[in-house]
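Structure first, then comments.
When a ligand or atom number is given, it counts from 1 through the structure's own listing order.
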Amino acid sequence: MRSILLATATLVVTSLPVAGQPAQRLRTEKAEIIVETVAGGLNHPWGLAFLPDGRMLVTEKPGRLRIVSAEGEISPPIAKTPQPSIQFLDVALDPNFSENQLVYLTYVEPRGGGLATAAGRGRLSTTGTTLEGFEVIFRQQPASPIEDHFGSRLAFTPDSKLFISTGDRDEPDSAQDLSTHMGKLVRVNRDGSVPADNPFVHRAGVRPEIWSYGHRNIEGLAVQPGTGVLWAGEFGPTGGDEINIPKPGGNYGWPLVSWGDHTDGRVIPRPPTRPDLTDAIYHWTPSVSFSGMTFYTGAAFPAWHGNLLLAGLASQALIRLTLAGARVTGEERIPMDARIRHVAQGQDGLLYLLTDEDQGRILRFKPGG
Ligand SMILES: [Ca+2]
């Protein structure tokens, strides 16, 4: 996998003023791009969901949800979101949002002296100022005092099942313990109830919401257009960031095997030393530490159609993977000069990136050629 030739793009700053920031022109392997700053001043934006009218719901890590217009106007925080929360994570719209206005959030919930990833939903008021009737639909069990590895992305598959990713809470062995939701991918119905066809519903002592396990910290989920298959991206320890295609009941190895080693230097056996485990379809050492990801299907960048795009944090890049079925055939890293938390495609076919900064920005990729 590491033999794939890595292409890099060049960044050229031009003087086009957009939203008070100069636009930038990017020359990449397959596309010329103009990078606009749609909005700034967001405190570590984390999740992004597009409303039907093109406005964006954006979470900020400190526990706020806002609406940002396509022109970059930022609303006050939406009221009646879950509080107190030390961290907001992802946001998603219900598959029938236009009928029910339901908005889903994942966030970190203080509970019993510890912290845990939680998910819930509320109805966005017609004024867009309030999330009415917020109800918790998932609570990671157990809570833990460790303030790390919360996951968490949300993704709906075409059958309207909701996937919620979690992290191991920096307690690696928990990812193999099926009596916990730590280090798991979880699948629930829209109201949080357990689907009858989940893989562990009939096994005693196992949390029935679990879809797959042996994950370290999944911060990327994306449903592949056409196939409807869910892909997941997770942080490795020192090295070993992974992309997996999680199958029901699958064990993805952490911490029994990994393509990386423990952060304290202890060596972890490499796959495929355990044939009962499922290996990643792609991995990185050294780490690129990516968070959000999305499949690109828009018309703005036809050469990127069907590619998987990843938001690079430490790598400060947008990572573009070309695919052949479930195989990665090429990788391009587009330097962004900022930690990128998330990447999403708008209804306009353009790409929107969130930068992970105190004064975080929403960047928009438009065709520049
Ligand atoms: Ca793995």
Side-chain angles (χ1 to χ4, degrees), residues 1-4 117 140 146 148-153 155 163-187 199-200 206-207 209-224 229-293 308 310-315 319 321 323 325-329 331:
M1 291 183 192
R2 299 301 309 153
S3 62
I4 289 170
T117 305
Q140 184 185 41
I146 299 173
D148 213 355
H149 296 188
F150 295 109
S152 168
R153 292 284 168 194
F163 282 85
I164 307 166
S165 73
T166 73
D168 69 359
R169 304 303 311 285
D170 214 7
E171 298 182 37
D173 292 341
S174 71
Q176 294 292 325
D177 180 352
L178 293 172
S179 72
T180 81
H181 292 124
M182 294 147 85
K184 308 299 189 305
L185 181 62
V186 159
R187 177 180 183 252
F200 296 117
V206 175
R207 298 275 175 191
E209 299 87 359
I210 295 172
W211 176 261
S212 60
Y213 63 108
H215 300 290
R216 185 167 176 272
N217 189 24
I218 300 176
E219 283 195 14
L221 287 180
V223 175
Q224 187 176 38
V229 171
L230 183 77
W231 293 40
E234 69 182 70
F235 287 90
T238 301
D241 294 346
E242 297 182 357
I243 292 178
N244 293 291
I245 303 178
K247 301 283 190 296
N251 182 350
Y252 289 82
W254 176 254
L256 306 173
V257 297
S258 176
W259 290 99
D261 291 318
H262 283 294
T263 49
D264 61 10
R266 282 177 296 135
V267 172
I268 306 173
R270 298 283 179 262
T273 54
R274 292 279 302 265
D276 53 322
L277 308 174
T278 307
D279 197 5
I281 65 151
Y282 197 67
H283 60 88
W284 288 265
T285 300
S287 294
V288 292
S289 77
F290 67 97
S291 182
M293 62 192 218
L308 182 61
L310 314 168
L313 289 162
S315 49
I319 299 160
L321 300 180
L323 310 172
R327 199 163 54 85
V328 175
T329 55
E331 175 180 343

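Rounding to the nearest 0.5 angstrom, the gap separating the CG atom in D168 from the NZ atom in K184 is 9.0 Å. Expressed to the nearest 0.5 Å, how far CD1 of I243 lies from CD1 of I319 amounts to 8.5 Å.
A side-chain donor from one of Y282 and E331 sits under 3.5 Å from a side-chain acceptor of the other.
The O atom of Y252 and the OE2 atom of E242 meet at the Ca ion (ligand 1) at an angle of about 170°, given to 10°.
Using a cut-off of 3.0 Å, one finds that E234 contributes no N/O/S atom close to the Ca ion (ligand 1). None of the N, O or S atoms belonging to N244 lies under 3.0 Å away from the Ca ion (ligand 1).
No donor-acceptor pair closer than 3.5 Å links the side chain of S212 to the backbone N or O of G250.
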